[in-house]
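First the structure, in the form of C-alpha cells, and then the observations on it.
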Amino acid sequence: MSNKTKYSILTAVVIIGTYLIKDYLIEKEKIEVVAGGTTVKVNTNEYFLPTSTTGQIVHHEGYSLSYSEPHEQAEWVAYELKKSHLSNANFKRPYFEIDEAVKTGAAHWRNYKQSGYDRGHLCPAGDRKYSQAAHDETFLTSNISPQKHEFNAGIWNRLEQKTRYWASKYDGVFVISGGVLKGNLKTIGEEKVAVPNQFYKVLIDNNTGKTKMIAFLMDYQDSELPLYKFVTSVDTIERLTGIDFFSELDDAIENKLEASSDYKNWSF
DNA sequence: CTGGTGGCC
DNA sequence: GGCCACCAG
C-alpha cells in the first residue's frame, strides 16, 4: 500500500470519526419532552419548558405556552431568546387572532376592548423580530394578559428590555413569563378573562458556561424602583403558581439555583 | 419600545 | 368588522 493510499484512508477515518462523535455529542444533549400527548425531541439548551398545571401545552414556532381555560390566558409562555433573534426591524402590528391551537378555545381580543386594560404580550413582539411571521405569531390571544397600561409600558417594558440586553450579553437566555393566576381575580369581557394581580418572569442562562437563573415578581402597577428590587427566588414563583421550573436540570443544581435570590451574576 | 381609539369604508 | 391615521407613556 502506498503512503498516499494510507494517508487517504487515515484522512477518511478522521473525517468519519469526527462526524460520528459530533453526532453522538449532539444526541447526548437532547432529551425527550412529552407534552400534550406528543413526543418531541428538543435540545436542552433551547428548551426548558415548565410543567403545566392545566394539562394544555401548546407549541408554536416561536414560543410555547400552557393555557388556563378558567382564566382565559396562559399560565406561562416560554421561549428562547437567542442573541441572533435580536433585531431592529420595524414590523407593522397586526390584529390579534384567536389561537386555534388552544383546544378549549382561546379568548377573543374583544374582551379587552374598552376594558381599561392593555393586551399585554407575555412573549413580547420585540423578542420575535427575526421575521415577520415570528413577530405576527405573538399576536395570538393565548399570548396576552390584561395589564394596566402604566405597568405594561412602564416597569414590565423595562424588564423586557433588560432581558434583551441580557440575551445579547450572555449569548441568549431562556425566558418564562406569566401572570399569577391564583385567588379570586377580577375579570374583563364576556369570557371573563382574569386580571392577574402579579406577574413573574424567570430567566435561565445555560450558554455562558456556568448555569445561572433569576426570577422577578411584580405587582400589577408601575413602579419607579430599580429592577433588582423585584428579584426573588424561583422557589417563590413555584410556590405562588404551582409550576415546576427547570426540572431538566440535575436536582442538586436545580435546588441550589432555585432557592437563591442572588443577582450578583446578572449585570444590571 | 409598550400600547389604545375614533371614524371611515 | 376590518382597517387607517393618529395619539400616549
Side-chain angles (χ1 to χ4, degrees), chain A residues 62-63 65 72-74 76-100 105-170 172-173 175-180 186-191 193-203 216-230 266-268:
Chain A
Y63 58 95
L65 63 96
E72 287 293 3
Q73 65 196 275
W76 54 254
V77 170
Y79 58 97
E80 185 183 21
L81 179 57
K82 297 183 180 183
K83 187 173 184 176
S84 63
H85 288 156
L86 301 174
S87 159
N88 289 322
N90 201 4
F91 298 116
K92 182 186 175 188
R93 292 169 71 92
Y95 298 95
F96 279 95
E97 291 180 10
I98 293 172
D99 185 352
E100 299 297 341
H108 195 285
W109 61 265
R110 204 171 279 113
N111 292 287
Y112 291 73
K113 195 175 183 182
Q114 305 288 354
S115 70
Y117 290 87
D118 274 15
R119 304 149 175 127
H121 279 83
L122 294 175
C123 174
D127 282 3
R128 304 283 85 162
K129 289 174 74 173
Y130 50 90
S131 75
Q132 177 86 60
H135 170 265
D136 290 0
E137 193 186 48
T138 68
F139 286 78
L140 295 171
T141 56
S142 54
N143 184 40
I144 56 175
S145 180
Q147 295 177 331
K148 297 297 283 183
H149 182 67
E150 296 74 15
F151 172 80
N152 188 24
I155 194 166
W156 188 249
N157 186 24
R158 277 201 285 140
L159 179 55
E160 290 174 340
Q161 293 189 41
K162 187 68 73 178
T163 300
R164 286 189 275 272
Y165 163 76
W166 284 325
S168 173
K169 186 179 182 68
Y170 303 134
V173 290
V175 186
I176 305 117
S177 302
V180 177
K186 174 192 166 131
T187 66
I188 56 171
E190 285 187 10
E191 293 179 275
V193 179
V195 181
N197 293 314
Q198 293 174 296
F199 290 89
Y200 68 86
K201 190 181 287 289
V202 176
L203 307 174
F216 295 84
L217 181 65
M218 297 175 164
D219 285 339
Y220 63 93
Q221 71 257 31
D222 194 18
S223 170
E224 296 302 318
L225 293 174
L227 287 172
Y228 60 79
K229 293 281 190 185
F230 297 90
W266 295 80
S267 170
F268 281 80

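Naming convention: chains lettered A, B, ... in sequence-line order (proteins, then strands); numbering from 1 in each chain. Note that the coordinates shown come from a computational prediction; the quantities given were computed from them, not determined experimentally.
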### Task
Round to a whole Å and report the spacing from CD of A:E97 to P of C:dC3.
10 Å
### Query
With respect to the side chain of A:N157, which nucleotide from B:dT5, B:dG3, C:dG9 is positioned closest?
C:dG9
### Message
Just by distance, no angles: are the side chains of A:Y165 and A:S267 close enough, under 3.5 Å, to form a donor-acceptor pair?
### Response
yes
### Message
Measure CG/A:D127 against P/B:dT2 and give the value in whole Å, please.
### Response
8 Å
### Most 5' of A:A153 and A:Y95 on DNA chain C, judged by nearest nucleotide
A:Y95
### Query
Nearest-Å distance, CZ (A:F91) to P (B:dG3)?
16 Å
### Query
Does the ring center of A:W266 lie less than 6.0 Å from the ring center of A:Y228?
no
### Query
What is the distance, rounded to the nearest whole Å, between atom CG of A:N152 and atom P of B:dG3?
4 Å
#### Entry: Ring center gap for A:W166 and A:F268 short of 6.0 angstrom
yes
### Task
Could you tell me whether A:E150 contacts a base, only the sugar-phosphate backbone, or nothing, with contacts defined as non-hydrogen atoms closer than 4.0 Å?
nothing
### Task
Give one of base, sugar-phosphate or nothing for A:Q147, where a contact means two heavy atoms less than 4.0 Å apart.
nothing
### Query
Between B:dG4, B:dC1, B:dT2, which nucleotide gets closest to the side-chain atoms of A:Q161?
B:dC1
### Summary
Rounded to the nearest 0.5 Å, the CD atom of A:E191 sits from the OH atom of A:Y112 at a distance of 10.0 Å
### Query
Roughly how many Å is it from CZ in A:R93 to P in B:dT5, rounded to a whole number?
13 Å
### Message
Tell me the interatomic distance from A:R119, atom CZ, to C:dA8, atom C1', rounded to whole angstroms.
### Response
15 Å
### Message
Counting only side-chain nitrogens and oxygens, does A:K92 get under 4.0 Å of the OP1 or OP2 atom of C:dC3?
### Response
no
### Task
Take atom CZ of A:F151 and atom C1' of C:dG9, then tell me their distance rounded to the nearest Å.
15 Å
### Query
How is A:N90 classified with respect to the nucleic acid when contacts are heavy atoms under 4.0 Å: base, sugar-phosphate, or nothing?
sugar-phosphate
### Query
Roughly, in whole Å, what's the span from NZ in A:K113 to P in C:dC3?
14 Å
